[in-house]
Number of protein chains: 2
Amino acid sequence: MPRVSTSDDTLETALHTLEAYLRGKRLKMTDQRRTMVRAALSQDGHFTAEELHRALTVGGEAVSMATVYRGLAVLEESDLLEGHDFADGTRRYERAIDREHHDHMVCVDCRAVIEFTNERIEALQQEVVEEHGFTMNDHSLTLFVECKEWRAAGACERRTAREERRRTSGIS
Amino acid sequence: MPRVSTSDDTLETALHTLEAYLRGKRLKMTDQRRTMVRAALSQDGHFTAEELHRALTVGGEAVSMATVYRGLAVLEESDLLEGHDFADGTRRYERAIDREHHDHMVCVDCRAVIEFTNERIEALQQEVVEEHGFTMNDHSLTLFVECKEWRAAGACERRTAREERRRTSGIS
DNA sequence: CTAGCTGCAAAGAATTTGCTAAGTA
DNA sequence: TACTTAGCAAATTCTTTGCAGCTAG
């Protein structure tokens, strides 16, 4: 069994949540879905479909790419994961269970993702939606920043070739 | 000359801005770029590369798709346009010149885009970034809402086959 | 002239989908 | 058993690139 950096409790809860979701939709629990839940919860931070797939493969629990994509959609719909678009061309996911809501700052330089929460902003967003008579379904706040100081401290090193290309090509 | 729903003044300003930008980077002004500026400014709302390309083609000023993509990058870098990711798989652009900054609400149902501004939210965002000692480069706030009431009024009808597929497939 | 541009076709990256065998309720 | 999945490969969608000839400065 692969190492799980999330508490067993969370994993239990997650599996139960998924089961309930599947039951409600008359879908089925499979080994691949269980495996994906475990692997997804043990990822730290924000991961891509490809990264999850690699983690599974490395862990000896190969699940096909197609299944990873289909599975991520299920995990997101069941609210185990939350998906984000950080404007770099690839969708990223993060654990949404047993965590508090938060927003993100993304360094345009090194693509590091820093999380933050601000209740006043949350409240104001809700206000805006209500003023329009709508219902909030979800929201996405991403601040694109330059974390020069942080990098100076040696903590801002995650740039990859691909991300660098994206960055300089004017996307985001 | 194609119809321009933007004031001639804005068009003038835009062309001057672009010229200045190009000069600074030792790039060249071309018919295609001029044409794209005109067409982009006359688009209303948020458009995709494909929509701009179609508008140009229909207007008899065919510009190749490759040039449209390359041109959009230039127009965005020169701050004539602003690009957004509304989590539907395609980048969208909107005029950024002679307009005030604003954020967006996107109806997850019909994909309509509603703009709004909220200075308090803006200020709080700036505060958050400063608290971390970073510099804000850009920010993106999108509220995904359900505009049922609005649709009831008959104003929420822009759903396309493709968008519908996206929506039901769990993206965003 | 000469670096930058355009169009075209081909390449790419990230997802999605059709199909058949296999698995779950 | 009946309907949902998994895996695989092929197909898509959006976007980027290589190249040859054209063009602005």
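Proteins get letters first, then strands, A, B, ... in listed order; numbering begins at 1 in each.
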(message) Suppose we screen for side chain to side chain donor-acceptor pair (under 3.5 Å). Which residues come up paired with A/R120, at least two apart in sequence or across chains?
(response) B/E127
(request) Report the residue (A/A49 or B/V63) whose heavy-atom-nearest nucleotide on DNA chain C is the more 5′ of the two. (result) B/V63
(request) With axes from five pairs an end, tell me the bend angle of the helix from C/dC1-D/dG25 to C/dA25-D/dT1, nearest 10°. (result) 40°
(request) Let me know, please, whether B/K25 or A/T48 comes out on the 5' side of the other along DNA chain C by nearest nucleotide. (result) B/K25
(message) The criterion is salt bridge (charged side-chain N to carboxylate O under 4.0 Å, His left out); which residues satisfy it with A/E19, sequence neighbours excluded?
(response) none
(message) Measure CG/B/D88 against P/C/dT15 and give the value in whole Å, please.
(response) 13 Å
Considering only distance and modelled atom types, tabulate donor-acceptor pairs under 3.5 Å from the side chains of residues 63-74 of chain A, sequence neighbours left out.
unit_1	atom_1	unit_2	atom_2	d
A/S64	OG	A/T67	N	3.2
A/S64	OG	A/T67	OG1	3.0

(request) For B/E76 and D/dT16, give me the distance from atom CD to atom P, rounded to whole Å. (result) 11 Å
(request) Check whether any side-chain N or O of B/Y69 sits under 4.0 Å from OP1 or OP2 of D/dT16, and answer yes or no. (result) no
(message) Going by salt bridge (charged side-chain N to carboxylate O under 4.0 Å, His left out), name the residues that satisfy it together with B/E122, two or more places apart in sequence or in a different chain.
(response) none
(request) Mind calculating the distance between CZ (B/R92) and P (D/dT13) to the nearest angstrom? (result) 15 Å
(request) Return the value, rounded to whole Å, for the distance between atom CE of A/M65 and atom P of D/dT5. (result) 19 Å
(request) Please determine, for the side chain of A/R70, which listed nucleotide (C/dG7, D/dA6, D/dT15) has the closest atom? (result) D/dA6
(request) Quickly work out the B/H53 NE2 to C/dG7 C1' distance and round it to whole Å. (result) 10 Å
(request) Examine D/dG7: is either OP1 or OP2 under 4.0 Å from a nitrogen or oxygen in the side chain of A/T67? Give yes or no. (result) yes
(message) Can you identify which nucleotide, out of C/dA14, D/dC8, C/dA9, has its nearest atom closest to the B/A66 side chain?
(response) C/dA9
(request) Apply salt bridge (charged side-chain N to carboxylate O under 4.0 Å, His left out) to A/E130 and list each qualifying residue two or more places apart in sequence or on a separate chain. (result) none
(request) Between D/dT15, C/dT6, D/dC14, spot the one nearest the side chain of B/R33, thanks. (result) C/dT6
(request) Take atom CG of B/L18 and atom P of C/dC5, then tell me their distance rounded to the nearest Å. (result) 11 Å
(request) Report the relative orientation of the aromatic rings in A/H104 and A/H102; use parallel for angles under 30°, tilted for 30 to 60°, perpendicular for over 60°. (result) perpendicular
Return a table of donor-acceptor pairs under 3.5 angstrom between the side chains of residues 24-33 of chain B and protein atoms on other chains or two or more places apart.
unit_1	atom_1	unit_2	atom_2	d
B/T30	OG1	B/R33	N	3.1
B/D31	OD1	B/R34	NH2	3.3
B/R33	NH1	B/K28	O	2.7

(request) Looking only at non-hydrogen atoms, find the nearest pair between A/E51 and A/H46 and report the distance. (result) OE1-O, 3.9 Å
(request) Over all heavy atoms of both residues, which pair between B/A14 and B/L80 is shortest? Give the atoms and the distance, please. (result) O-CD2, 3.6 Å
(message) Rounded to whole Å, how long is the line connecting atom CD of A/Q32 with atom P of D/dC8?
(response) 11 Å
(request) Measure from CZ on B/R91 to P on C/dA14 and round the result to the nearest Å. (result) 16 Å
(request) Not counting sequence neighbours, which residues clear side-chain contact (heavy atoms from CB on, under 4.5 Å) with B/D98? List them please. (result) B/T10, B/R95
(request) Give a yes/no answer on whether the side chain of A/T90 brings an N or O atom under 4.0 Å of OP1 or OP2 in C/dA14. (result) yes
Identify the pairs formed between an N or O of the protein and an N or O of nucleotides 23-25 of chain D at a distance under 3.5 Å, and give each distance.
unit_1	atom_1	unit_2	atom_2	d
D/dA24	N3	B/K28	NZ	3.2

